[in-house]
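Input: a single structure, listed below in structure tokens.
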Amino acid sequence: MKCYLVQGVGIENLVQGERPALALKEGEVLVDVKACSLNFRDLLVIRGQYGSGPFDPFIPLSDMAGVVKAVGSEVKEWKGGDRVINSFFRTWPGGRLRSSWARTAVGAAGVDGVLSEQIVYPAESLVKVPDHMTWEEAAALPVAGLTAWSALIVHGKLRPGQWVLLHGTGGVSIFAAQVAHAIGAKTILTTSSPEKAKLVKEKFGVAETVNYRDVEWPNRVKEITQGSGVDVVVDVAGGETLAKSLHICNYGARVAVIGVLDNPKAAISVVDMLQHQIAVKGIYVGSCEDLRAFSKAAEAIHLKPAIDKIFSFSQVPEAYRYLESQKHIGKVVIKVRP
Ligand SMILES: NC(=O)c1ccc[n+]([C@@H]2O[C@H](COP(=O)([O-])OP(=O)(O)OC[C@H]3O[C@@H](n4cnc5c(N)ncnc54)[C@H](OP(=O)(O)O)[C@@H]3O)[C@@H](O)[C@H]2O)c1
């Protein structure tokens, strides 16, 4: 079975390799992987900034879409030919995350990921692909899509007419723009690129854009919302961006703390939070139950994930470098088999 292996720190240590055919246990499913998608986390992993210490070679990436090849003796819910995506955690069925489940996040040292011709996965941690989606689109759902859903819907309780603040044009933020638009909310998106600003308005229903490199951007957001501030923040940046986002929240706003594109440390104002009664929650992708709900909703609203570029299985290092260049809008995907 062909796969990629991370043998050390740096994209030059991402190499094609072989692993023995996988054995199937009673509650597991063997999946022929069709497509995988990349996330910012995969750059942190390959740079050695995710976890610490020496590690054995492991298979990277956490998101795939594929077709069921065989099922274990106890598996009733899947059969050969079913189209599935995987949950980011091999085990997080639903409810509150537990520490033993948190350690089952795939695609980092110690837990093999999905950039392989085949994977074996627990049956209860797979979800049906929305009927209208291609393999490449479906492979974008497990992390970026579900994180946006967890932020806007599960925590954010977003309603039509409310204002949402999004940062950047990466995988999570573009999914959030699409979901928010579909339910009739209004989005303000920050981007460093005037070209991307134009495109997200045309293609993803973003109402307004501001440049996060302009120090005046929070004032612009206040103006756009006619002084009231935003109702939901999907914060993939941390640092000063998070602090400024908290300062321009409406009363009763919900803030989803997701990422560290700006800085993992932030000096935030307690007064901003208490005076405006802001609910701040850290998001860690989501459970399989939430992925199932998101996948059903994606089918109902006919969501078309924004795929920026598709690379072949032999071009995986190029795909990593492309993601690193931040030229993309939405998702970067690898076609594993035709
Ligand atoms: N907690 C979780 O469960 C979870 C899940 C998924 C992702 N994340 C985190 O969320 C973040 C985004 O992930 P992703 O996969 O969507 O990333 P991505 O696709 O790599 O997004 C990159 C884009 O982010 C924008 N950006 C870069 N620096 C920025 C800054 N200082 N402020 C605002 N935007 C900035 C840029 O947009 P422009 O080119 O438009 O400027 C860039 O193109 C990462 O930190 C990731 O680790 C966390």
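Numbering of ligands and ligand atoms starts at 1, following listing order. This is a predicted model, so every value here is computed, not measured.
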Next on the checklist: Hydrophobic clusters here meaning ILVMFWY residues chained together by side-chain heavy-atom distances under 4.5 Å, can you tell me if I310 and Y322 are in one?
Outcome noted: no
Checklist entry - Are the charged groups of E324 and R47 less than 4.0 angstrom apart, N to O? => result yes
Checklist entry - Any chance the side chains of Q118 and D32 put a donor and an acceptor closer than 3.5 Å? => result yes
Item to check | Proximity to ligand 1 by part of T147, non-hydrogen separation under 4.0 Å | outcome: side chain
Checklist outcome for this item: closest protein heavy atom to atom 25 (C) of ligand 1 is G168 CA, 3.7 Å
Checklist entry - Between F88 and Y284, how do the two ring planes meet: parallel, tilted or perpendicular, split at 30° and 60°? => result perpendicular
Checklist entry - Is a side-chain N or O of S87 found less than 3.5 angstrom from the main chain of R90, in a donor-acceptor match? => result no
Checklist entry - With only distance considered, is L323 within less than 3.5 Å of ligand 1 through an N or O on each side? => result no
Item to check | Test of proximity, T169 against ligand 1: N or O pairs below 3.5 Å | outcome: yes
Item to check | Ion pair check, D112 and R19, cut-off under 4.0 Å | outcome: yes
Item to check | Closest protein heavy atom (residue, atom, distance) for atom 8 (N) of ligand 1 | outcome: I258 CG2, 3.6 Å
Checklist entry - For ligand 1, which atoms have a heavy atom of G171 less than 4.0 angstrom away? => result 16 (O), 19 (O)
Checklist entry - With ring centroids as reference points, do W217 and H167 lie under 6.0 angstrom apart? => result yes
Checklist entry - Which atoms of ligand 1 sit under 4.0 Å from any heavy atom of V285? => result 2 (C), 3 (O)
Checklist entry - Considering only protein heavy atoms, which is closest to atom 16 (O) of ligand 1, and at what distance to one decimal place? => result V172 N, 2.9 Å
Item to check | Nitrogen or oxygen of S192 less than 3.5 angstrom from that of ligand 1 | outcome: yes
Next on the checklist: For atom 23 (C) of ligand 1, tell me which residue out of S37, G170, G286 has the closest non-hydrogen atom.
Outcome noted: G170
Item to check | Minimum-distance protein heavy atom relative to atom 24 (O) of ligand 1 | outcome: L261 CD1, 3.2 Å
Checklist entry - Quick check: are there more than 12 heavy atoms from other residues, nucleotides or ligands sitting under 6.0 Å from NE2 of H247? => result no
Checklist outcome for this item: Note: heavy atom closest to atom 20 (O) of ligand 1, options K331, Q326, H328, belongs to H328
Next on the checklist: On a heavy-atom basis, I'd like to know which of A197, A151, A237 is closest to atom 32 (N) of ligand 1.
Outcome noted: A237
Checklist entry - Nearest non-hydrogen atom to atom 17 (O) of ligand 1 belongs to which of F40, Y284, F88? => result F40
Next on the checklist: Please check whether T191 reaches ligand 1 - meaning an N/O of the residue sits under 3.5 Å from an N/O of the ligand, judged on distance alone.
Outcome noted: yes
Checklist entry - Of the protein's non-hydrogen atoms, which lies at the shortest distance from atom 2 (C) of ligand 1, and what is that distance? => result I283 O, 3.4 Å
Checklist entry - Tell me, which protein residue and heavy-atom name are nearest atom 39 (O) of ligand 1, and how many Å apart are they? => result K196 NZ, 2.8 Å
Item to check | Contact with ligand 1 for K327, non-hydrogen, under 4.0 angstrom | outcome: no
Checklist entry - Are N39 and D63 linked by a side-chain donor-acceptor pair shorter than 3.5 Å? => result yes
Item to check | Nearest-neighbour protein heavy atom for atom 45 (O) of ligand 1, which is reported as residue plus atom name and distance | outcome: V260 N, 3.0 Å
Next on the checklist: Only heavy atoms of D262, strictly under 4.0 Å: list the atoms of ligand 1 that pass.
Outcome noted: 31 (N)
Checklist entry - Between S192 and R213, which heavy-atom pair has the shortest distance, and what is it? => result CB-NH1, 3.4 Å
Next on the checklist: If the test is side-chain hydrogen bond (donor to acceptor under 3.5 Å, both in side chains), which one of K157, R254, K186 qualifies with Q162?
Outcome noted: R254
Checklist entry - Is there a side-chain contact between V333 and W135 (heavy atoms, below 4.5 Å)? => result no
Checklist entry - Looking at ligand 1, does any of its N/O atoms fall within less than 3.5 Å of an N/O of S193? => result no
Item to check | More than 12 heavy atoms of other groups within 6.0 Å of K69 NZ | outcome: no
Item to check | V236 neighbourhood, listing ligand 1 atoms whose heavy-atom distance to it stays under 4.0 Å | outcome: 10 (O), 11 (C), 12 (C), 45 (O)
Checklist entry - When only distance counts, is V143 in polar contact with ligand 1, meaning an N/O pair under 3.5 Å? => result no
Checklist entry - So, K335 and E136, do they make that salt bridge, N to O below 4.0 Å? => result yes
Checklist outcome for this item: of all protein heavy atoms, closest to atom 26 (N) of ligand 1 is Y212 OH, 3.4 Å
